[in-house]
J.: 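This structure is in structure tokens; I'll ask about it shortly.
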Amino acid sequence: MAEEKKVAVYICKGCGIGDAIDVEKIKEVVENEYKVPVKIHEYLCGNDGVSMIKNDISSEGLTAVVIAACSPRVKKEVFDFGDNVFVERVNLREGVVWSHEPNNEDTQMMAEDYVKMGVVKAQKAEFPEPYIEETSKDILVVGGGVTGLTAAIEIAKAGYNVYLVEKEPELGGWVRKFAKILPGKYPYRELMDASAYLEEKIKEVESNERIKVYTSTKIKSISGQPGVFNVIVSRNGTEESFKVGAIIVATGWKPYDASKLEKFGYGRYANVITNIELEQMLKEGKLVRPSDGKPVKNVAFILCAGQRDPEHIPYCSTVCCMTSLKEALCIRELNRDANVYIFYRDMRTVGIYEEFYKRAQEDEAIFLTKGEVKNVYEDEYGDLVVEVANTLLGEDISVRVDLVVLATGMLSTMYGLYTIKEEYPEEEGATIYKHVKPAVPKEVALEKKGKEWILNLQYRQGPELPTLRYGMPDSHYICFPYESRRTGIYAAGCVRAPMTIRDCEIDARGAALKAIQTVELVAQGKTIFPRTGDIDYPNFFLQRCTQCKRCTEECPFGALDEDEKGTPQPNPLRCRRCGICFGACPEKIISFKQYSIDMISSMIRAVSVPSDENKPRIMVFACENDAYPAIDMAAKNGLKFNPFVRIIPVRCLGSVNVVFIADSLSRGIDGILLLGCKFGEDYQCHFIRGSELANRRMENVQETLQRLFLEPERVKLVEVEISDWPKIPEILDGFVEEIKKIGPNPYKGF
């Protein structure tokens, strides 16, 4: 039951609002129906308007204000009156006057409905209180390679304590195995000494009193939630535990299994090696044939060996071209008489590394050509022959070499780890969604034995970070670098995507900032991206819980555990406030202080439903992340759409409970349109799978429609990206026409 609040409404006449609608009439309607005071101002966002509101808050003791003006997506700071005043923004500018005909009866009704809905929402909203625990601001970094070292250094510089855990006896990761690394400074032409670069970083880490280093150490378990992660590590047979607020996973990469590349001779001929095996030779300064120990003079590189190939690694590993150029230059340094042949499908040296490419081209003993390697075989003298077709020379060529080097590519260390996916709990070990190609064969994913965990998360959803298509633990393939689907745990460096050493450093700094943001926000009971700073977490009335497990299975972020009966056990600091659990619950026992069943249902009831069959009412539930901004953008660009729609922004399409649809139809609303993010392989959903879940729940919607004896076409879901704003009129107007053909809701008037 919402506490009694003192509400006032403020209507702006600026930006054309007062010219397009009768604001005095709105004032009269609201005062008569809701008995709340209404004031009209020429420009509410101006100093005079804001001062008027602040004075009223102070003198009248207002606890909630309804601002009927511009979109809630703009001027947030202007209309922020502190934590003790609830502010509801009614979108009259973009949502009504900029997108509809001025001084029109239907436009006027729309404006009145929106203000009434805003008043109801303000009356129903309660003041949330943050979930506060005693939290830690220390940060765990898992992995002691370049990414982990950089992250630890940056976090410590910012004044936070770091636990750095590395499973190997020494810090340094892969770079410790290299002689040279790619150029790191202008003019990006000369190689750098790997040892000097690495030792400087390691020295900085080991001398920093804020960084505690664990080598030869593995993580036994991680439990808890952001701010209160309980970490147990195992080192030399002993265990140690500590508490951290956030985690950075910087465990790096592993090379692709070259034994699968028999077509290039690996495993058949001793003198066919991988780029990793060549690095070891270069590190030792001894370039000889593995077969007989003879010095190597002629070397062939085969780039994209097993990469950009659907049978092996379907993506580009980003750095292999540049690494091969680096290794070619290293070979030339070791032996000035050596000749190097580089056969590539496409040479990819991104950005300023083009200068490095030119540096290699200038070496007369490095021969580069685009081409397709057709065959690798050993002749009678024990030399290797590489046959190449479709070269830039316009003819097929063959070269005789002492050594063939395969650029085999990079896999995330998460690739192939057994992880129970919350999305499909019945399919233990499924590492990706059904609509995405498997990262590893299912029989491999299901194989528990021999697998070595990285994080050992004590979550009901599984021990590791969920991964995307290629076994990489991103949260979103476009929008959210570093984010994982486990709140407060960030992936950085090659564990989340192949990248150069310099890119790993940049990635580490970004992840460090995210981890610091997390520990600061959760200490205040606030959530992180995308509803950054929100303190309103879901409340569970567990006395009525039926243990259906829908909320625990559908939560994308692992915020809910279960007891032995299946009753949800909330972890509020893991929660991203998306409301997917709220939308999933058939018993309606989950609610937010400022987003509840009663609130949304009351807003629906506030909509006027005329008896005129030619004026249908369409309720639109629009995701606040993409769909609602797209509607705003359509209005800002002068596009007009049908005035019969009423739009309610929702946290995520996954937060739409079936009861909203039932209430709308029972109210006499003629059609319901759900506008949410794109789902599927290239999903856009800010909350991972909210729009996908809303689509799945359409089966329940169909049952509701059948129970009410209504046509299934009255409810429709449309995927909308933020860039789809030009399509908004077509989507909205088209659905109105569809509903007109079906006819009015038979419940209209009841």
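These numbers come from a predicted model, not from an experiment.
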J.: With sequence neighbours left out, what residues match T323 under side-chain hydrogen bond (donor to acceptor under 3.5 Å, both in side chains)?
T.: none
J.: State the CD1-CE distance between I342 and M347, to the nearest 0.5 angstrom.
T.: 5.5 Å
J.: Side-chain contact test, heavy atoms from C-beta onward, threshold under 4.5 Å: evaluate it for V162 versus D138 and give yes or no.
T.: no
J.: Check for a donor-acceptor pair, side chain of W174 on one end and backbone N or O of W253 on the other, with a separation under 3.5 Å.
T.: yes
J.: CD of E364: more than 12 outside heavy atoms within 6.0 angstrom?
T.: no
J.: Treating D402 as the side-chain partner and N298 as the backbone partner, does any N or O pair qualify as donor plus acceptor under 3.5 Å?
T.: yes
J.: Taking the side chain from S317 and the backbone from M410, do they hold a donor-acceptor pair closer than 3.5 Å?
T.: yes
J.: Looking only at atom types and distance, does a side-chain atom of T369 sit under 3.5 Å from a main-chain N or O of G371, one as donor and one as acceptor?
T.: no
J.: Quick one: closest heavy-atom pair of I139 and A515, and the distance?
T.: CD1-CB, 3.9 Å
J.: Nearest heavy-atom pair of D257 and S259: which atoms, and what distance?
T.: OD1-OG, 2.6 Å
J.: My understanding is that only residues two or more places apart in sequence, or in another chain, count here; which of them pass salt bridge (Lys or Arg N to Asp or Glu O under 4.0 Å) with K514?
T.: E483
J.: Please check: side-chain N/O of R176 versus main-chain N/O of L171, any donor-acceptor pairing under 3.5 Å?
T.: yes
J.: Heavy atoms only: give me the nearest A152-I211 pair and the separation to one decimal.
T.: O-CD1, 3.6 Å
J.: Does K326 make a cation-pi contact with F356, if we ask for NZ or CZ under 6.0 Å from the ring centre and within 45° of the axis?
T.: no
J.: Please evaluate residues T318 and R348 with respect to the criterion side chain to side chain donor-acceptor pair (under 3.5 Å), reporting the C-alpha separation (whole Å), side-chain torsions for both, the decisive distance (0.1 Å), and the verdict.
T.: CA-CA 7 Å; T318 306; R348 295 181 172 179; over 6 Å; no
J.: Identify all side-chain donor-acceptor contacts of residues 385-392 below 3.5 Å with residues at least two apart in sequence or on another chain.
T.:
{"residue": "N390", "atom": "ND2", "partner": "E372", "partner atom": "OE1", "Å": "3.4"}
{"residue": "T391", "atom": "OG1", "partner": "L393", "partner atom": "N", "Å": "3.2"}
{"residue": "T391", "atom": "OG1", "partner": "E395", "partner atom": "O", "Å": "2.6"}

J.: So with a 6.0 Å cut-off around NZ of K297, is the heavy-atom count from everything else above 12?
T.: no
J.: Excluding sequence neighbours, so at least two apart, what forms side-chain hydrogen bond (donor to acceptor under 3.5 Å, both in side chains) with D309?
T.: none
J.: Test salt bridge (charged side-chain N to carboxylate O under 4.0 Å, His left out) on K370 and D346 and set out the steps.
T.: CA-CA 7 Å; K370 183 182 179 75; D346 297 286; 2.9 Å; yes
J.: Could you give me the CA-CA distance, side-chain angles and deciding distance for Y266 and E277, then say whether side chain to side chain donor-acceptor pair (under 3.5 Å) is met?
T.: CA-CA 12 Å; Y266 191 87; E277 292 166 336; 2.8 Å; yes
J.: Within a 6.0 Å radius of atom NZ on K218, are there more than 12 heavy atoms belonging to other residues, nucleotides or ligands?
T.: no
J.: State, without any angle test, whether S291 and N271 hold a side-chain donor-acceptor pair at a distance under 3.5 Å.
T.: yes
J.: So, does R268 use its side chain to make a donor-acceptor pair with the main chain of E262 at under 3.5 Å?
T.: yes
J.: Determine yes or no for a side-chain-to-main-chain donor-acceptor pair under 3.5 angstrom, with E327 supplying the side chain and L278 the backbone.
T.: no
J.: Checking E199 side chain against A194 main chain: does a donor-acceptor pair fall under 3.5 Å?
T.: no
J.: Go through the structure and list residues passing salt bridge (Lys or Arg N to Asp or Glu O under 4.0 Å) with R496, not counting sequence neighbours.
T.: D474, D507
J.: Apply the test side chain to side chain donor-acceptor pair (under 3.5 Å) to residues Y344 and S324: give CA-CA distance (whole Å), side-chain angles for both, the deciding distance (0.1 Å), then the verdict.
T.: CA-CA 10 Å; Y344 59 87; S324 296; over 6 Å; no
J.: Would you check, one step at a time, whether the test side-chain contact (heavy atoms from CB on, under 4.5 Å) holds for I516 with Y160?
T.: CA-CA 8 Å; I516 291 168; Y160 296 83; 3.5 Å; yes
J.: State, to 0.1 Å, how close M192 and P183 come at their nearest heavy-atom pair, and which atoms those are.
T.: SD-C, 4.1 Å
J.: Going through the distances and angles, do K678 and D626 end up as a salt bridge (charged side-chain N to carboxylate O under 4.0 Å, His left out)?
T.: CA-CA 9 Å; K678 183 179 179 182; D626 269 42; over 6 Å; no
J.: Looking at residues at least two apart in the chain, or sitting in another chain, which of them share a side-chain hydrogen bond (donor to acceptor under 3.5 Å, both in side chains) with E154?
T.: R509
J.: How far apart are the C-alpha atoms of L287 and I331, what are their side-chain angles, what is the distance that settles it, and do they pass the side-chain contact (heavy atoms from CB on, under 4.5 Å) test?
T.: CA-CA 8 Å; L287 194 62; I331 290 170; 3.7 Å; yes
J.: Might you work through the salt bridge (charged side-chain N to carboxylate O under 4.0 Å, His left out) test for R359 and E190, ending with a clear yes or no?
T.: CA-CA 8 Å; R359 163 76 175 81; E190 303 304 322; 3.5 Å; yes
J.: Applying side chain to side chain contact (heavy atoms under 4.5 Å, CB included), name anything that partners E355, two or more places apart in sequence or on another chain.
T.: R189, I352, K358
J.: Could you pull out all residues at least two apart from D503 that satisfy salt bridge (Lys or Arg N to Asp or Glu O under 4.0 Å)?
T.: none
J.: Kindly write out the residues that satisfy side chain to side chain contact (heavy atoms under 4.5 Å, CB included) with A508, not counting sequence neighbours, or none if the list is empty.
T.: T147, T150, A151
J.: Which of these passes side-chain contact (heavy atoms from CB on, under 4.5 Å) with P255: L406, L411, I276?
T.: I276
J.: How would you list, by chain and number, every residue that makes a salt bridge (Lys or Arg N to Asp or Glu O under 4.0 Å) with R345, sequence neighbours excluded?
T.: none
J.: For the pair R332 (side chain) and R336 (backbone), establish whether a donor and an acceptor sit closer than 3.5 Å, ignoring hydrogens and angles.
T.: yes
J.: To the nearest 0.5 Å, how far apart are CE in M281 and SG in C330?
T.: 13.5 Å
J.: Counting only heavy atoms not in E200, do more than 12 sit closer than 6.0 Å to its CD atom?
T.: no
J.: Measure the spacing between CD of E505 and CG of L149 and express it to the nearest 0.5 Å.
T.: 10.0 Å
J.: Going by the ring pair (Phe, Tyr, Trp, His ring centres under 6.0 Å) test, which pairs reach into residues 195-221, not counting sequence neighbours?
T.: Y214-F242
J.: Tell me yes or no: between the side chains of E464 and Y459, is some donor less than 3.5 Å from an acceptor?
T.: no
J.: Would you confirm whether S691, through its side chain, and C677, through its main-chain N or O, come within 3.5 Å as a donor-acceptor pair?
T.: yes
J.: Any ring pair (Phe, Tyr, Trp, His ring centres under 6.0 Å) pairs touching residues 287-328, not counting sequence neighbours?
T.: Y256-H312, Y315-Y470
J.: Kindly indicate, with the supporting measurements, whether the criterion side chain to side chain donor-acceptor pair (under 3.5 Å) is fulfilled by E166 and T215.
T.: CA-CA 5 Å; E166 168 58 50; T215 53; over 6 Å; no
J.: Is any side-chain heavy atom of L403 closer than 4.5 Å to a side-chain heavy atom of I273?
T.: yes
J.: What heavy-atom pair brings N625 and I722 nearest, and what distance separates the two atoms?
T.: O-CD1, 4.4 Å
